[in-house]
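Worksheet for the structure shown next.
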Amino acid sequence: MPPATARSRPVSRITAVFDRGVVKNGLTVMMKLRLRGFELTKPLLDMDGQQRLIECLRPVLRAAPLFSPEVPGGGKMSVRMTSAGAYGWVSDRDGYRYEERHPAGQRWPEIPTEILDIWHATTGLERRPDCCLINYYGEGARMGLHQDKDEADFTYPVVSISLGDDGLLRIGNQTRGGKTDTVWLNSGDVVVMGGDARLTYHGVDRIRFKSSRLLPKGGRINLTLRVVT
DNA sequence: AAGTAGCT
DNA sequence: ACAT
């Protein structure tokens, strides 16, 4: 790997660290940003990498179909989801938790190697994630501000991979309320939520439906990798 | 509330 | 702010 060159400059509340170099398997880091503690790599995945991920997700979605979870208040999420790995994240009227099985009863499929490679390349950790949550945002789907806090050990980061249509990420604070920032996430972007940003509130305000041609039917897929136990 | 409604 |  050629040595990466880096420089920094402040952009409003964003600190941008430009970093070029091959990480793994031909995946190239073009740019790294820091936004309210979130490390954003734009884009980690080139078109071939994005297409490879979509292809490796196909059998996963066949084995573990997307479902629309309910939330404790009785509402229904507009995002459809499923998981891969030893644990999958589920929600129903009783609350949020990790389960070893899909709501239909089968074990979750394995996390594809291509996805694990991105985890290891962006975190540098030997430990594998237990869960790859697969969120599908169709037209009009949103997700309110929340923390990822159903895991046992917050010293492990969360890695989020965007595929398909653009999504507007809102980034808040460690507690509800206060000022927030937004940033558009594009296909191939990877966000690492770690360190002080591990419990930062975040959500997705809206999707630019059919802004990408990666998914012919439109929509955004977000892969969220987490160590659960 | 990882939900929605509604107001500023 | 609401309320399963």
Side-chain angles (χ1 to χ4, degrees), chain A residues 35-38 40 57 60-61 64-104 108 111 115 119 129-154 156-185 189-194 196-209 219-229:
Chain A
L35 179 59
R36 295 181 88 87
F38 284 35
L40 170 57
L57 285 171
V60 171
L61 291 167
L66 295 167
F67 55 94
S68 303
E70 288 184 322
V71 293
K76 201 164 215 178
M77 295 183 72
S78 55
V79 176
R80 294 197 292 148
M81 58 181 62
T82 189
S83 293
Y87 296 92
W89 188 86
V90 298
S91 171
D92 59 25
R93 270 163 277 193
D94 297 331
Y96 311 136
R97 63 197 177 276
Y98 285 95
E99 293 277 7
E100 295 183 348
R101 292 174 185 275
H102 188 279
W108 307 102
I111 302 175
I115 296 173
W119 165 271
D130 299 310
C131 175
C132 174
L133 177 63
I134 302 163
N135 284 334
Y136 175 75
Y137 294 74
E139 190 166 19
R142 306 177 287 134
M143 191 177 288
L145 281 175
H146 67 279
Q147 294 173 299
D148 290 20
K149 60 176 181 184
D150 301 316
E151 303 75 33
D153 186 347
F154 301 136
Y156 288 105
V158 171
V159 173
S160 161
I161 305 165
S162 294
L163 294 168
D165 291 342
D166 302 336
L168 186 60
L169 176 70
R170 185 165 293 274
I171 308 174
N173 303 285
Q174 313 302 117
T175 56
R176 288 211 180 262
K179 291 177 181 174
T180 61
D181 287 317
T182 60
V183 62
W184 279 101
L185 296 181
D189 289 354
V190 179
V191 178
V192 178
M193 296 173 268
D196 293 341
R198 175 61 179 77
L199 291 172
T200 296
Y201 275 88
H202 58 283
V204 176
D205 283 5
R206 61 192 182 92
I207 300 298
R208 274 179 184 144
F209 192 67
R220 170 175 184 263
I221 291 174
N222 185 72
L223 306 176
T224 311
L225 298 163
R226 306 188 184 109
V227 173
V228 172
T229 56

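Letters A, B, ... are given to chains in the order of the sequence lines, protein chains preceding strands, and every chain is numbered from 1.
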Nearest whole angstrom, please: distance from the C1' of B:dG3 to the OH of A:Tyr96. 7 Å

Value in whole Å for how far the C1' atom of B:dG3 lies from CD of A:Glu70: 11 Å

Counting Watson-Crick and G-U wobble pairs only, both distances under 3.5 Å, name the nucleotide matched with B:dA2, or none. none

In whole angstrom, give the distance that lies between atom CD of A:Glu151 and atom P of B:dA2. 13 Å

Can you measure A:Met81 atom CE to B:dA1 atom P for me and round it to whole angstrom units? 16 Å

Could you give the CG-to-C1' distance, from A:Asp92 to B:dG3, as a whole number of Å? 14 Å

Give the nucleotide from the list C:dT4, B:dG3, B:dT4 with an atom nearest to the side chain of A:Arg142. B:dT4

What is the nucleic acid contact for A:Gly74, judged by heavy atoms within less than 4.0 Å: base, sugar-phosphate only, or nothing? nothing

In whole angstroms, the gap separating P of B:dT4 from CG of A:Asp205 amounts to 12 Å

Would you say the side chains of A:Asn135 and A:Arg220 form a donor-acceptor pair under 3.5 Å? no

Specify the separation, in whole Å, of atom CH2 of A:Trp89 and atom P of B:dA1. 12 Å

Distance below 4.0 Å between A:Arg93 side-chain N/O and B:dG3 OP1 or OP2: no

For B:dA2, does OP1 or OP2 lie under 4.0 Å from any side-chain N or O of A:Arg80? no

Does the A:Arg97 side chain pair with the main chain of A:Gly95, one donor and one acceptor, at a distance under 3.5 Å? yes

Does A:Phe154 reach the side chain of A:Asp148, with side-chain heavy atoms less than 4.5 Å apart? no

Relative to the ring of A:His202, is the ring of A:Phe38 parallel (under 30°), tilted (30 to 60°) or perpendicular (over 60°)? perpendicular

Do the side chain of A:Ser91 and the main chain of A:Glu70 share a donor and acceptor less than 3.5 angstrom apart? yes

Return the nucleotide paired to C:dT4: Watson-Crick means purine N1 to pyrimidine N3 with N6-O4 or O6-N4, wobble means G-U with N1-O2 and O6-N3, both under 3.5 Å. none

I need the CZ-P distance between A:Phe67 and B:dA2, as an integer number of Å. 16 Å

